[in-house]
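Following: one structure in structure tokens, then a few remarks.
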Amino acid sequence: MLHTIEIYFLLFLTYAFLGWCMEVTCKLIQFKRFINRGFLVGPYCPIYGWGALAITLLLQRYTNDIIVLFVMAVIVCSFIEYFTSYFMEKKYHARWWDYSNKKFNINGRICLDTMIPFGILGLFIMYVSNPFFIDIYNNIPDIWLHIIAGILFTLYIIDNIVSSRIISSIHVEEEKIADNTEEITNEIATKIKQLLKQKSWLHRRLVNAYPNFRFEKLELIKERLEKRKQKIAKKLEKNQ
């Protein structure tokens, strides 16, 4: 039982790392510089690991039908991406990615441009990469498997704790600025990011990784400022 769990955990980290490599490569091509992508500090994007793990555990029965496997991979990964976006927005009060400007999107969380690659990657995982990686991990002696999985799991948990604390510090800066300014929300967001870049390299890494992420609370601030402006306008009308 423990052996199987460790194999799946190594698979999770493997695909999380490969997803990180893909993200970094895309940004390298786009911006001509290295950007450490992902919510976590380490070289991995967990959403890719969860997606690959879900495909591995849920879609084995469909490997005899390539079309069905493709469709099911699209459905499973789209579901994971949508609810990961929703969960992270509710937990950290920020929108980490937004496809609202793309056609055929659902609430800006998923879009057709990402769904098709999900299906292709699902086929690759089930027919090519999984047999390769599982064979390698099964050949690792149990004692070394325990040590490797234990160390990596510990580092992964520490990374999650550190990254969560960084996000909490972002909200502190957000509230400080928002409570002491009348500026429009875009200027507030810019000021927050500038302050964060003056902090530790961990803060700078997160801002660089997600330069377009949106603060959910700023939408509430915008509403508050609009109401304030409306009250002022009504007072002016009464005094005229």
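None of the values given here were measured: they were computed from a predicted structure.
With hydrophobic clusters built from ILVMFWY side chains whose heavy atoms lie under 4.5 angstrom apart, Phe153 shares a cluster with Ile143. When hydrophobic clusters are built by joining Ile, Leu, Val, Met, Phe, Trp and Tyr residues whose side-chain heavy atoms come closer than 4.5 Å, directly or via intermediates, Phe87 is grouped together with Phe79. With hydrophobic clusters built from ILVMFWY side chains whose heavy atoms lie under 4.5 angstrom apart, Ile67 shares a cluster with Phe124.
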Go through it in stages, so that I can follow the logic: the residues are Leu152 and Leu10, the test is side chain to side chain contact (heavy atoms under 4.5 Å, CB included), and I'd like the CA-CA distance, side-chain angles, deciding distance and then a yes or no.
CA-CA 9 Å; Leu152 292 177; Leu10 290 182; 3.8 Å; yes

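With hydrogens and angles left out, the side-chain atoms of Glu6 and Tyr137 include no donor and acceptor closer than 3.5 Å. Between the side chains of Tyr15 and Thr56, no donor-acceptor pair of N or O atoms lies under 3.5 Å. When only modelled atom types and interatomic distance are considered, Tyr86 and Asn107 share no side-chain donor-acceptor pair under 3.5 Å.
Inter-residue side-chain proximity for Leu13 and Tyr156 is flagged as met; some heavy-atom pair is nearer than 4.5 Å. Here the side chains of Trp144 and Ile147 are in contact, with some heavy-atom distance below 4.5 Å. By the 4.5 Å heavy-atom criterion applied to side chains, His3 and Asp142 are counted as neighbours. Side-chain contact between Ile66 and Phe70 is absent, with no heavy atoms from C-beta onward closer than 4.5 Å. With contacts defined as side-chain heavy-atom distances shorter than 4.5 Å, the pair Ile134/Leu11 qualifies. Annotation: side chain of Tyr48 is in contact with side chain of Met22 (closest heavy-atom distance under 4.5 Å). The closest side-chain heavy-atom distance from Phe133 to Leu18 is below 4.5 Å. Counting heavy atoms from C-beta on, the side chains of Leu53 and Tyr8 come closer than 4.5 Å.
Cluster note: Leu121 groups with no other residue, as no ILVMFWY side-chain heavy atom lies under 4.5 Å from it.
Note that CD1 of Ile75 and CG of Leu58 are 12.0 Å apart. Values are rounded to the nearest 0.5 Å. Atom SG of Cys77 sits about 6.5 Å away from atom CD1 of Ile125, to the nearest 0.5 Å. A distance of 12.0 Å separates SG in Cys21 from CG in Leu28, rounded to the nearest 0.5 Å. The CE atom of Met126 lies 11.5 Å from the OH atom of Tyr62; values are rounded to the nearest 0.5 Å. A distance of 11.5 Å separates CD1 of Ile5 from CD1 of Ile7, quoted to the nearest 0.5 Å. Distance check, rounded to the nearest 0.5 Å: CZ of Phe118 to CD1 of Ile55 gives 9.0 Å.
Using a distance-only test at 3.5 Å, with no hydrogens or angles considered, a donor-acceptor pair links the side chain of Thr154 to the main chain of Gly150. Here the side chain of Asn105 pairs a donor or acceptor atom with the backbone of Lys102 at under 3.5 angstrom. The closest donor-acceptor contact from the side chain of Asp159 to the backbone of Leu155 lies at 3.5 Å or more, if one exists at all. In this structure, the side chain of Thr114 engages the main chain of Cys111 through a donor-acceptor pair within 3.5 Å.
In the displayed structure, Tyr82 atom OH is contacted under 6.0 Å by more than 12 heavy atoms of other residues, nucleotides or ligands.
Considering all non-hydrogen atoms of both residues, Thr63 and Tyr127 come closest at O-OH, 2.8 Å. Closest heavy-atom contact between Ala73 and Gly122: CB-CA, 3.9 Å. The shortest heavy-atom contact between Ser78 and Ile110 is O-CG2, 3.5 Å.
Aromatic rings of Phe12 and Trp50 (six-membered ring for Trp) have centroids within the 6.0 Å cut-off, being under it.
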